[in-house]
Amino acid sequence: MSGLDPDNWDALRQLGHRMLDDMIDRLSHLREQPVWQPMPTDLRQELRTGLPDAPSSPEDLYARFQELVVPYSTGNVHPGFMGWVHGGGTAIGMLSELLAGGLNANCGGRDHAPIEVEREVIRWAAQICGFPTDCSGLLVTGSSMANMIAVITASRAVPDGLAMRKAGVGTRKLTGYAAASAHGCISRAFDLTGLGSDALRIIPVDHNNRMILSALEDAIARDRDAGYEPFMVIGTAGTVDTGSIDDLDMLADITAREKLWFHVDGAFGALAALSADLRPMLRGMERADSIAFDFHKWAQVQYDAGCILVRDPTLQAAAFAQSRSYLAREDRGLATNGPWFCDLGPDLSRGFRALKVWMTLGTYGAERMGEMVAGCCAIARHLARRVEENPRTELLAPVTLNIVCFRVLAPVDDLDHFNGEIVKDLHESGVAAPSTTLIQGRKAVRAAIVNHRTVEADVDRMLDKLLELADARLALEQQD
C-alpha cells in the first residue's frame, strides 16, 4: 500500500505557490469585490457530488474551490462587513494557518514546542486582561466553549463540588446570574452542562443595557431563602446587541461579599483592554475568577481562536483532568511536560491554534492592536454622529464601544419590517453587510465595526446606500 504523499513534489509546490498568490491578490483587492453575494442554486447543486470513490487532481479541486467557494464566502474579510462581530483576519494569520497545517501538531499535551507556544499565548492573554501570568487557560473554538468551561469549573469549585463529576449535577440546586443582555451561549452552557437553563437567573438591565445590580442582589437573596445554592455571576464586557459593559468592579464587590464565582464574558469587549483609552471601561475585569474572550474578533486572528482564563489553575484542572493508562505522564520522553491542555477542557485532540495568535500579536504588537481597537470605536462614533444629524435616521442605543444601533425613519405602516427589508436589500447590493437586532422591541440596523480594514468612508458608503435603498423601496411601495 502506498502512502498519500504526491508523486511529483514540484507540481504540488507550483500549485501551492499559485494558491498563495491568488489569496494574497484577493486580500489586496477586497474593495473591488462585493462584500457578499448569494450562491446560485445551480452552483450549490454542483457541490453535491456525493462521496468521491475515485481520486481527483488537486488542480481540479482548486479550480472548483475558486469557482464555487471563494465568490460566495461570508465576506467578513471585507471592509464593508459590519454584521455580527466577526474579525477580518490578516494575511500573516493566513500564512500562520499554512505553517500550523504543515506541522499538524496535536496540542492535547505531551512535550513539544507548540505546547510552549500556547502557554506563552495564555500568558499574553493574562497580561491583556490583568490576570496573574500563572493562571491557567487554553485556546478553544470560541467564547461559547470558553463560557461553558467557565460554568463547569465554577460549579465544581463550590464546596464538595467535585463530587458532581461522578454523581451528576442533579444532586445540587445551583443557580447562576447574568443580565438580560448576556449572550445566548450563557444560557446554553447551563442547558448543556445539565444545570438547566432555568438555573440561570436573568437579571434586568437599565437604559444603558447594563445589569441592574440591586436586582442581582435581590435575586441572590431570594434564591438563598428558597433553598437554592447561588454559585456564580456572569458579567458581560461588550454585549452582543449594543456593546455595553456591565459594572464589572461593582460585580466583583458583590461576588466577593456573597462568596460567588465571578466570570466575565468578554467575547469581543475584553480586548478593548489593548487600548489605554478604553481600558478604564473594563475596570474590575482583572478581579474576575475567569474570563472568556475571542482572539478571532478584535484581535483579528483567523477563525477559530477563543480563549478561557481561570485565575486559580488548580480549580480548572480539578474540573477536567482525568487519569487513563493511555494518557500516562512519564518522567522522560515525549509523554512529559504536564500539565497537559487536555486536563483543562473537554478536548483531547486539539489543533495548533496558538500559532496564528502568536504570529498575529507578534507581528503587530499590543500597542498597534490597541490603536486599531480604538480606531474601530472612533469610526462607530462617527457613524453615530451621522445618524443623529440626519432627520431620516434615529439612534436607538448609546454607543459604548464599536456597535451602532439605529433605524431609518419612513412613512410606512410597519417600520420594523421596512428596516429589515432594506438591510436585506443592502446585503444583496454587495456594498455593505450590517445585521439587525431588536432594541426595546424595535427593529434596529446594527453596524458592528470590528474589521481593521474598515474606515470612515466605508460606514458613510453603507449609510448612504441604505438611504438610497430606502428611497427605492418607498417608491416601489407607492407604485403598489
Side-chain angles (χ1 to χ4, degrees), residues 74 76 82-87 140-155 169 174-206 208-212 215-216 219 231-246 248 251 261-271 288 290-298 303-308 345-346 396-397 400-403 405 416 420 423 433-448 450:
T74 309
N76 52 297
M82 303 165 199
W84 306 276
V85 184
H86 290 186
V140 293
T141 52
S143 284
S144 292
M145 178 57 74
N147 283 311
M148 185 179 295
I149 289 172
V151 170
I152 293 171
T153 304
S155 67
V169 296
L174 299 176
T175 55
Y177 307 84
S181 54
H183 194 279
C185 72
I186 303 296
S187 176
R188 194 176 186 206
F190 274 68
D191 171 10
L192 296 180
T193 56
L195 293 164
S197 56
D198 285 351
L200 179 66
R201 308 307 200 219
I202 303 302
I203 308 302
V205 297
D206 61 19
N208 288 317
N209 296 302
R210 305 174 85 195
M211 187 190 299
I212 298 175
L216 168 66
F231 79 106
M232 79 181 301
V233 174
I234 299 101
T236 301
T239 59
V240 66
D241 276 334
T242 66
S244 61
I245 302 170
D246 287 331
L248 303 180
L251 286 178
W261 186 282
F262 177 32
H263 174 66
V264 173
D265 174 17
F268 80 93
L271 288 180
S290 56
I291 300 173
F293 70 93
D294 292 319
F295 281 112
H296 57 229
K297 290 188 171 75
W298 244 344
Y303 278 87
D304 51 37
C307 183
I308 174 68
L396 293 180
T400 304
L401 290 170
N402 63 323
I403 297 176
C405 293
D416 288 345
V423 167
S435 59
T436 62
T437 190
L438 291 176
I439 303 295
Q440 296 179 346
R442 296 174 294 181
K443 177 81 78 172
V445 182
R446 178 182 170 279
V450 186

S.K.: Please give me the minimum heavy-atom distance between A397 and T242, naming the atom from each residue.
M.R.: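 Taking A397 first and T242 second, the nearest heavy atoms are CB-CG2, 3.8 Å.
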S.K.: Does any part of the side chain of C405, heavy atoms only, come nearer than 4.5 Å to the side chain of R446, both counted from C-beta?
M.R.: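 In short, these two side chains touch, coming nearer than 4.5 Å.
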S.K.: Any heavy-atom pair between the side chains of T74 and W84 that's under 4.5 Å?
M.R.: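 Not touching, per the 4.5 Å side-chain cut-off.
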S.K.: Please examine the side chains of N402 and V450, heavy atoms only from C-beta on, and report whether any two atoms are closer than 4.5 Å.
M.R.: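 A side-chain contact exists here, since the closest heavy-atom pair is under 4.5 Å.
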S.K.: Evaluate side-chain hydrogen bond (donor to acceptor under 3.5 Å, both in side chains) for S143 paired with D294, printing each intermediate quantity in order.
M.R.: CA-CA 6 Å; S143 284; D294 292 319; 3.1 Å; yes
S.K.: Is any side-chain heavy atom of W298 less than 4.5 Å from a side-chain heavy atom of L401?
M.R.: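 Yes, close enough: below the 4.5 Å cut-off.
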S.K.: Closer than 3.5 angstrom, by distance alone: can the side chain of D246 be matched with the main-chain N or O of T236 as a donor-acceptor pair?
M.R.: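 Yes, because the side chain of D246 sits within donor-acceptor range (under 3.5 Å) of the backbone of T236.
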S.K.: At their closest point, which heavy atom of L174 faces which heavy atom of S155, and how far apart are they?
M.R.: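 L174 and S155 have their closest heavy atoms at CD1-CB, 3.9 Å.
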S.K.: How many angstroms lie between atom CD1 of I152 and atom OG of S290, to the nearest 0.5 angstrom?
M.R.: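 The CD1 atom of I152 sits 12.0 Å away from the OG atom of S290.
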S.K.: Evaluate V169 against T193 for side chain to side chain contact (heavy atoms under 4.5 Å, CB included), listing each step before the verdict.
M.R.: CA-CA 8 Å; V169 296; T193 56; 5.9 Å; no
S.K.: Where is the tightest heavy-atom contact between D198 and R201, given as atom of each residue plus distance?
M.R.: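 Looking at all heavy atoms of both residues, the closest pair is O-NH1, 2.6 Å.
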S.K.: Closest approach of M148 and A189, non-hydrogen atoms and distance?
M.R.: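 Smallest interatomic distance, heavy atoms only, reads CA-CB, 3.9 Å.
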S.K.: Here's a test for you: under side chain to side chain contact (heavy atoms under 4.5 Å, CB included), which of V240, D241, T239 qualifies with H183?
M.R.: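 Single side chain to side chain contact (heavy atoms under 4.5 Å, CB included) partner of H183 among V240, D241, T239: V240.
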S.K.: For the CD1 atom of I186 and the OH atom of Y177, what is their distance to the nearest 0.5 Å?
M.R.: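 The OH atom of Y177 is 15.5 Å from CD1 of I186, to the nearest 0.5 Å.
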S.K.: Indicate yes or no: at least one non-hydrogen side-chain atom of N209 is less than 4.5 angstrom from one of T400.
M.R.: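 Result no, sub-4.5 Å side-chain heavy-atom pair not found.
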S.K.: In the structure I gave you, are the side-chain heavy atoms of F293 and V264 within less than 4.5 Å of one another anywhere?
M.R.: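 No. Closest side-chain heavy atoms not under 4.5 Å.
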S.K.: Heavy atoms, side chains only, cut-off 4.5 Å: are M211 and L216 in contact?
M.R.: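 In short, these two side chains touch, coming nearer than 4.5 Å.
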S.K.: State the CZ-SG distance between F295 and C307, to the nearest 0.5 angstrom.
M.R.: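 So the CZ of F295 and the SG of C307 are separated by 5.0 Å.
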S.K.: I'd like to know if the side chain of S187 and the backbone of G184 have a donor-acceptor N/O pair within less than 3.5 Å.
M.R.: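 No; judged by distance alone, with no hydrogens or angles, the pair does not exist.
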S.K.: Any sub-3.5 Å donor-acceptor pair from H296's side-chain atoms to D304's backbone N or O?
M.R.: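 Absent.
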S.K.: State the CD1-CG distance between I308 and N147, to the nearest 0.5 angstrom.
M.R.: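 Atom-to-atom, I308:CD1 and N147:CG are 7.0 Å apart.
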S.K.: Please find the pair of heavy atoms, one from G235 and one from L251, that lie closest to each other, and give the distance.
M.R.: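 Smallest interatomic distance, heavy atoms only, reads CA-CD1, 3.7 Å.
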S.K.: I'd like to know whether CZ of R188 has more than 12 heavy-atom contacts from other residues, nucleotides or ligands below 6.0 angstrom.
M.R.: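 Check fails, neighbour count at 12 or below.
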S.K.: Donor-acceptor check, side chain of R210 to backbone of I245, threshold 3.5 angstrom: yes or no?
M.R.: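 Side chain of R210 to backbone of I245: a pair is present.
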S.K.: Nearest heavy-atom pair of I234 and F190: which atoms, and what distance?
M.R.: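 Scanning both residues completely, I find the closest heavy atoms to be CD1-CE1, 4.2 Å.
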